[in-house]
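Residue numbers begin at 1 in each chain, while the letters A, B, ... track the order of the sequences.
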There are 2 protein chains.
Amino acid sequence: MNFPAFRHGNNSGLDFAVHFCNFCLNRKKKSIMTLSEPEQSFILHWGEMGSRWGVNRSVAQIHALLYLAGKPITAEEIAETLSIARSNVSNSLRELQGWRLIETTSVLGDRRDHFIAIADGMEMAKRIVEGRRQREFLPTLSALEGMVKAAKADKATSRESANRMASTLALMEQADSWYREMNALSPKVQSGLLRMGARIAKLLPTSDKG
Amino acid sequence: MNFPAFRHGNNSGLDFAVHFCNFCLNRKKKSIMTLSEPEQSFILHWGEMGSRWGVNRSVAQIHALLYLAGKPITAEEIAETLSIARSNVSNSLRELQGWRLIETTSVLGDRRDHFIAIADGMEMAKRIVEGRRQREFLPTLSALEGMVKAAKADKATSRESANRMASTLALMEQADSWYREMNALSPKVQSGLLRMGARIAKLLPTSDKG
DNA sequence: CAGTTGTTTCAGTATGGACAGAAATATAAG
DNA sequence: CTTATATTTCTGTCCATACTGAAACAACTG
């Protein structure tokens, strides 16, 4: 540890630029989060759950940590707290940004990025769903479209087979359309519908012809 | 190939038991399905999709094959058609039965099980969702319950942290309750709601307080 | 009961993805 | 420009899981 020729109080009257000596920065760098036992199991289970749903463990754990922390923390802190490699943290953070589940913030006098998870659980869920839709659902949908077209044209494919593909496609398209419409509603209405549950069915015209 | 002392037509007048000579059975055994090109890509993509969603490739492929076939086929046929090991097929079939996505049927004069996928796409989707709920969602839910309790009791856990866990739990419980209610509705009403999409929101009391 | 056919279990192998650590690159400060 | 610091890319290792093929097991037939 070396302390350069910086001294507190010599910032020559600048109004906005705030500097810290390396000693302060170093002290800041050392702050590892200590996790309580329940917090640890939350993070562990979150990671476990993630890996069952096609999100890798580190990504899910980091997300859980940021979510629990509720305040901006640095990549390094994350790495030390969870004991995972700095590079892994870096990649995972980038992925989480890709899912729009975390954001970066700046802290005065610190060059490092500080990361924070979006706090609203509902919003979180929506972004995860939207992410999976974009990455997996939509590509499959368009692939299926192609296949159905090909199946109908191909005379080696039985009519029944082609029909089954087509109805699968139709079902998926309907589900997607339902999702898009629901997604477009205001959060207020969305949570209203959620809270309402099956009681909504009572509002349907009694002789439901669809 | 050896042909035992069985001859056509010597079934001694039994009404219901129908026998086939081994020659016939052997001929039956050889029938491998030939898949058209669109069918192949359907199966391949289905497998790909499965593996992205935590279902292993073989299981998903076999399911796709049975779904396309639309008629009962044997484990052996599946193995030969998809070129995967017989044992793998056996295990995968068992898993598919666990998900209630396929059923077994018997064919007269054939000891082997014949498998067929449920045909209704909507029903299929519902069973998949229910399966994942049972296997992954509910366990997580109860684990979370324990953690929230522990977090509230534990004084090393910050109030904010405990609250965040609690609200996550609450959201998941609400989602589950919504699902259960929707699931209990009749298929008719369900598809009515699906087709209706966001127009359902118009039926809500205008000043929606929830 | 012996022989045949079908199914499951088991143990070893292979493959894909996660991960660590090092090296390379970028950015800022003096 | 040099040095310090932050981040990303890259490469090899490790691990989990899927998968195969063989062997054990079970069920049925004559």
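Atom CG of B/D113 and atom P of D/dA27 are 13 Å apart (whole Å). One can place CZ of A/R112 at 18 Å from P of D/dA4, the figure rounded to the nearest angstrom. Here the P atom of nucleotide C/dG6 and the CG atom of B/L93 are 15 Å apart, to the nearest Å. The CD atom of A/E48 sits 12 Å away from the C1' atom of D/dA16 (whole-angstrom rounding). The CD-C1' distance, from A/E76 to D/dT5, rounds to 10 Å in whole Å. What separates CZ of A/R94 from P of D/dT7 is a distance of 12 Å, to the nearest Å.
The one candidate from A/V55, A/I62, A/N91 that meets the side chain to side chain contact (heavy atoms under 4.5 Å, CB included) condition with A/L96 is A/I62.
Residues satisfying the salt bridge (charged side-chain N to carboxylate O under 4.0 Å, His left out) test with B/D176, not counting sequence neighbours, are B/R133, B/R180.
Judged by distance alone, the side chains of B/T168 and B/R164 never bring a donor and an acceptor atom under 3.5 Å apart.
A/S92 places a side-chain N or O within 3.5 Å of a backbone atom of A/N88 that can act as its donor or acceptor partner.
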Between protein and nucleic acid, restricted to nucleotides 18-27 of chain C and to nitrogen or oxygen atoms under 3.5 Å apart, what atom pairs and distances do you find?
residue	atom	partner	partner atom	Å
C/dC19	OP1	A/S58	OG	3.2
C/dC19	OP2	A/N56	OD1	3.4
C/dC19	OP2	A/S58	OG	2.4
C/dC19	O5'	A/S58	OG	3.4
C/dC19	O5'	A/N88	ND2	3.4
C/dA20	OP1	A/A85	N	3.4
C/dA20	OP2	A/A85	N	2.7
C/dA20	OP2	A/N88	ND2	3.2
C/dG21	N7	A/S87	OG	3.4
C/dG21	O6	A/S87	OG	2.9
C/dT27	O2	A/R111	NH2	3.3

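Within the structure, the salt bridge (Lys or Arg N to Asp or Glu O under 4.0 Å) test picks out the following pairs touching residues 37-65 of chain A (sequence neighbours left out): A/E48-A/R57.
Ring geometry, B/W46 versus B/H63: the interplanar angle falls from 30° to 60°, so the pair is classed tilted.
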